[in-house]
Participant: 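Questions regarding the structure given below will be posed in turn.
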Amino acid sequence: MSLRVYNTLTREKSDFKPIEEGKVRMYVCGPTVYDSAHVGHAMSALVFDVVRRYLMYKGFEVDYVMNFTDVDDKIIDRANRLGVDPFELAEGYIEEFKKDLKDLNILFATENPRATEEIETIIDMVARLLENDVAYEVDGDVYFRVEKAKDYGKLSGRKLEEMNAGSRIRVDERKENPMDFAVWKSAKEGEPAWDSPWGPGRPGWHIECSAMNLSHLGQQIDIHGGGNDLIFPHHENEIAQTETITGKPFARYWMHNGMLQLKGEKMSKSLGNLVPIRDFLKEHTGDVMRLIVLSSHYCSPLTFNDEVIQANERALERLLSAKRPAMPDANGAPQQTLQELQAQEDKTNQEFINAMDEDFNTAGALASIFDLVRSINQARAAGASDSELESAQETFGELTGVLGLVFNEKEIVLTAADAFIDLLLDLRQELRKQKNYDLSDRIRDDLMEKGVVIEDTPQGSTWRWE
RNA sequence: GGCGACGUAGCCAAGUUGGUAAGGCAAGGGUCUGCAAAACCCCGAGCACGGGUUCGAGUCCCGUCGUCGCCUCCA
């Protein structure tokens, strides 16, 4: 069995073979930090976190680089409007985003380079583009000459002559070709600037990613990821810049996640319908967000609304049920039940890999995990002991771990209340014996309101955090 | 207008090389319970529409309709 990956560049799935055996170099486009990150950013980060985790599960060593674009027109605009320093503004949002990633249980990148830390490499690249005549300077700005790039448009499937740049925006008259894009922008008065052979200025948006790839991962990388809204022009331009400089194919596999859909349309800043990650996390756990992302294929648009969120809250509870211990009176399940549990465990292990190998089919992988959940619960209901459940539960934990689910966040935090809840349950048990259901139900209802779920069994009552 | 993706049960959604449709949520019925909750059991679609290829198509081809993304900053 080998891993197959859909490649935007070739428009087909192919076997995954890294440049260097056993090692994967991957680069994911991070955010431009001029505002709080929203759930769309979370989707992208989660998608590639799962890709990374699965590659690690398959035994690859993964170098995972995600950048921060910390100097850019929007950051400057925003900072000016708020009357703050643009670098401080960016720094604040970087810290915030890192916290968001942590709350979503996303593994830290091997490196988080920033545009402002790559200026030297960027200037060097711009100089080389000029030397090779694939770029030209106008009044302190430097533009990339798209007609000089071999196969320009190969990633997005566009042809230069078919593109009508400027149909919706006025074209800069100084450009030779409307599709030419800035690799270096001259600074206006008061804007952040670095000295360069072309005067003070800052990098264009696309060149920074080319530069960070070059200096942190090398001339060629295995996976380049990002949202599919970056295919054009961002990734197209990255390819043009990098490949004209190195003369080698840039990334082997281009992976793009679909857009998150909010009420049928893309969530975006211009539409003003975004949901910040931290707002989402005030009401839901990171696992819920992750489960929503896992429940469909990463390439597809992701439906995101209250109904979906609620459904996944419940689905998460069901997953969690697999981790519960044996029944209090468990004295062993029938042989046949245990054999079926073992069979399902093997089956799930296999199906999980089959699904994930097929271009990270997380929905399929999840389906086989749910099958395992059912088997575990069946065995428990049939009287399986903890040791009889152990192996299947370990498999469950391992596979959900590969998907990055954590579970139990609340239990870890709130164990200090345990003794008191136990006491209340004892009291309630007494009241029930006396058939004082008014009071006993009141205890149950009040605890329920505080997030404690009580379940009665013939052997006594159990409770858990909701 | 150009490029691309998609249209599978009430909702979300999977479906390798074509052979008679995973999983989750919701709804309903049942077991259990003082009542609940949880768990367990049972229960639903022939795949936008119309043609075609084939012994056989959700899966390939053509057309139609619809939704969405990109073409301008965007994960």
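Note that the structure is predicted; figures quoted are calculated from it, not measured. Every chain is numbered from 1 and lettered A, B, ... according to where its sequence line falls, protein lines coming before strand lines. Side-chain atoms are counted along with the backbone in the values below, which use heavy atoms only and exclude waters and symmetry mates.
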Participant: Are A:Y64 and A:D49 close enough that a side-chain donor and a side-chain acceptor fall under 3.5 Å?
Facilitator: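 No pair is found: no donor N or O on one side chain lies under 3.5 Å from an acceptor on the other.
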
Participant: Whole-Å distance between B:G15 C1' and A:E351 CD?
Facilitator: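 It works out to 12 Å between those atoms.
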
Participant: My understanding is that only residues two or more places apart in sequence, or in another chain, count here; which of them pass side chain to side chain contact (heavy atoms under 4.5 Å, CB included) with A:A311?
Facilitator: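 With neighbours one apart ignored, the set is empty.
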
Participant: Could you tell me how the ring of A:F352 sits relative to the ring of A:Y54: parallel (under 30°), tilted (30 to 60°) or perpendicular (over 60°)?
Facilitator: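 Perpendicular.
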
Participant: Measure from the side-chain heavy atoms of A:A381 and tell me the nearest of B:A75, B:C70, B:A39.
Facilitator: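 Within the option list, the nearest is B:A39.
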
Participant: If I take atom CG in residue A:D229 and atom P in nucleotide B:A75, what distance separates them, rounded to the nearest angstrom?
Facilitator: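 Distance, rounded to whole Å: 7 Å.
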
Participant: Distance check, P atoms only: B:G58 and B:G19, in whole angstrom units.
Facilitator: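 The same atom, P, in both gives a distance of 10 Å.
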
Participant: Check nucleotides 29-34 of chain B against the protein and report each pair of N or O atoms closer than 3.5 Å, with its distance, or say if there are none.
Facilitator:
| unit_1 | atom_1 | unit_2 | atom_2 | d |
| --- | --- | --- | --- | --- |
| B:G34 | N9 | A:Y437 | OH | 3.4 |
| B:G34 | N7 | A:R432 | NH2 | 3.3 |
| B:G34 | O6 | A:R432 | NE | 3.0 |
| B:G34 | N1 | A:D441 | OD1 | 3.2 |
| B:G34 | N2 | A:D441 | OD2 | 3.0 |

Participant: Output the rounded distance in Å from CG (A:L260) to P (B:G69).
Facilitator: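 Taking atom P of B:G69 as the reference, CG of A:L260 is at 12 Å.
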
Participant: What does A:E307 touch in the nucleic acid at a heavy-atom separation under 4.0 angstrom: a base, only the sugar-phosphate, or nothing?
Facilitator: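 Since only primed, P, OP1 and OP2 atoms lie under 4.0 Å of A:E307, the category is sugar-phosphate.
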
Participant: For RNA chain B, produce a single dot-bracket line, 5' to 3'. Pairs: Watson-Crick or G-U wobble, both distances under 3.5 Å. Symbols: ( ) within strand, [ ] crossing, | other strand, . unpaired.
Facilitator: (((((((..(((..........)))..((((.......)))).....(((((.......))))))))))))....

Participant: Calculate the interatomic distance between A:M327 atom CE and B:C40 atom P; express it in whole Å.
Facilitator: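 Distance, rounded to whole Å: 11 Å.
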
Participant: Need one value for A:L319: base, sugar-phosphate or nothing, where a base atom within 4.0 Å counts as base even if backbone is also close, heavy atoms only.
Facilitator: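 It contacts nothing in the nucleic acid.
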
Participant: Please write out each protein N/O paired with an N/O of nucleotides 5-9 of chain B under 3.5 Å, distance rounded to 0.1 Å.
Facilitator:
none

Participant: Only one of A:F144, A:F181, A:Y143, A:W184 clears ring pair (Phe, Tyr, Trp, His ring centres under 6.0 Å) with A:H206; which?
Facilitator: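 Answer to the ring pair (Phe, Tyr, Trp, His ring centres under 6.0 Å) test with A:H206 among A:F144, A:F181, A:Y143, A:W184: A:F181.
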
Participant: What residues, two or more places apart in sequence or in another chain, satisfy side chain to side chain contact (heavy atoms under 4.5 Å, CB included) together with A:E398?
Facilitator: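 Expected list: A:Y57.
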
Participant: Please give the distance between the C1' atoms of B:A9 and B:A22 as a whole number of Å.
Facilitator: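 My reading of the C1' atoms in B:A9 and B:A22 gives 13 Å.
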
Participant: Taking atom C1' of B:C12 as reference, at what distance in whole Å does atom CZ of A:R290 sit?
Facilitator: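 Nearest whole value for this atom pair: 19 Å.
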
Participant: Between A:D151 and A:K154, is there a donor-acceptor pair closer than 3.5 Å when you use the side chain of the first and the backbone of the second?
Facilitator: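 Checking the backbone N and O of A:K154 against the side chain of A:D151, no donor-acceptor pair under 3.5 Å is found.
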
Participant: B:A75 P sits how many Å from A:Y27 OH, rounded?
Facilitator: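 It is 12 Å, rounded to the nearest whole Å.
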
Participant: Work out how far the C1' atom of B:G23 is from that of B:G66, and round it to whole angstrom.
Facilitator: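 Roughly 27 Å separates the two C1' atoms.
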
Participant: Please classify the glycosidic conformation of B:G23 as syn (within 90° of 0) or anti (everything else).
Facilitator: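 Chi for B:G23 falls in the anti range.
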
Participant: Hey, does A:G30 reach any base, or is it just sugar-phosphate, or nothing, if we go heavy atoms under 4.0 Å?
Facilitator: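 Sugar-phosphate contact only.
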
Participant: Where do N or O atoms of nucleotides 19-24 of chain B meet protein N or O atoms at under 3.5 Å, pair by pair?
Facilitator:
| unit_1 | atom_1 | unit_2 | atom_2 | d |
| --- | --- | --- | --- | --- |
| B:G24 | OP1 | A:R374 | NH2 | 3.1 |

Participant: Between A:S321 and A:N377, does any side-chain donor sit less than 3.5 Å from a side-chain acceptor?
Facilitator: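 Note: A:S321 and A:N377 side chains meet the donor-acceptor criterion.
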
Participant: Quick one: list whatever passes ring-ring contact (aromatic ring centres under 6.0 Å, His included) with A:F250, sequence neighbours left out.
Facilitator: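 Partners of A:F250 under the ring-ring contact (aromatic ring centres under 6.0 Å, His included) test: A:H224, A:W254.
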
Participant: With nearest nucleotide decided by heavy atoms, which residue, A:S296 or A:R380, maps closer to the 5′ end of RNA chain B?
Facilitator: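 Closest to the 5' end, via its nearest nucleotide, is A:S296.
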
Participant: What nucleic acid atoms does A:I231 come within less than 4.0 Å of, heavy atoms only: base, sugar-phosphate, or nothing?
Facilitator: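 If one applies the 4.0 Å heavy-atom cut-off, A:I231 turns out to touch nothing in the nucleic acid.
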
Participant: Partners of A:Y253 by ring-ring contact (aromatic ring centres under 6.0 Å, His included), sequence neighbours excluded?
Facilitator: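 Partners of A:Y253 by the ring-ring contact (aromatic ring centres under 6.0 Å, His included) criterion, ordered by chain and then number, come out as A:F16.
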
Participant: If we ignore angles and hydrogens, is there a donor and acceptor under 3.5 Å between the side chains of A:D346 and A:Q342?
Facilitator: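 Side-chain D/A pair, A:D346 to A:Q342: present.
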
Participant: Which residues pass the ring-ring contact (aromatic ring centres under 6.0 Å, His included) test with A:Y6, sequence neighbours left out?
Facilitator: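 ring-ring contact (aromatic ring centres under 6.0 Å, His included) check on A:Y6 returns nothing, list empty.
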
Participant: I'd like to check the salt bridge (Lys or Arg N to Asp or Glu O under 4.0 Å) partners of A:D141; sequence neighbours left out, ordered by chain and number.
Facilitator: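 Only A:R174 meet the salt bridge (Lys or Arg N to Asp or Glu O under 4.0 Å) criterion with A:D141.
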
Participant: So which one's nearest nucleotide on RNA chain B is more toward 5', A:V308 or A:C29?
Facilitator: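 Of the two residues, A:V308 wins.
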
Participant: Test of understanding: with side chain to side chain contact (heavy atoms under 4.5 Å, CB included), list the residues that count as partners of A:D422, not counting sequence neighbours.
Facilitator: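 A:D422: side chain to side chain contact (heavy atoms under 4.5 Å, CB included) contacts with A:W463.
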
Participant: Base, sugar-phosphate, or nothing: which does A:N257 touch, judged by heavy atoms less than 4.0 Å apart?
Facilitator: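 Here A:N257 touches the bases of the nucleic acid.
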
Participant: I'd like the P distance from B:A13 over to B:A48, given in whole Å.
Facilitator: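 About 14 Å, rounded to a whole number of Å.
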
Participant: If I take atom NE2 in residue A:H256 and atom P in nucleotide B:C68, what distance separates them, rounded to the nearest angstrom?
Facilitator: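 Distance check: A:H256 NE2 to B:C68 P gives 22 Å.
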
Participant: Within this structure, what is the CG-to-P distance between A:L320 and B:C25, rounded to whole angstrom?
Facilitator: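 After rounding, the gap between these two atoms is 13 Å.
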
Participant: Looking at residues at least two apart in the chain, or sitting in another chain, which of them share a side chain to side chain contact (heavy atoms under 4.5 Å, CB included) with A:T395?
Facilitator: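 For A:T395 the side chain to side chain contact (heavy atoms under 4.5 Å, CB included) partners, ignoring immediate neighbours, are A:E345, A:N349, A:L372, A:L399.
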
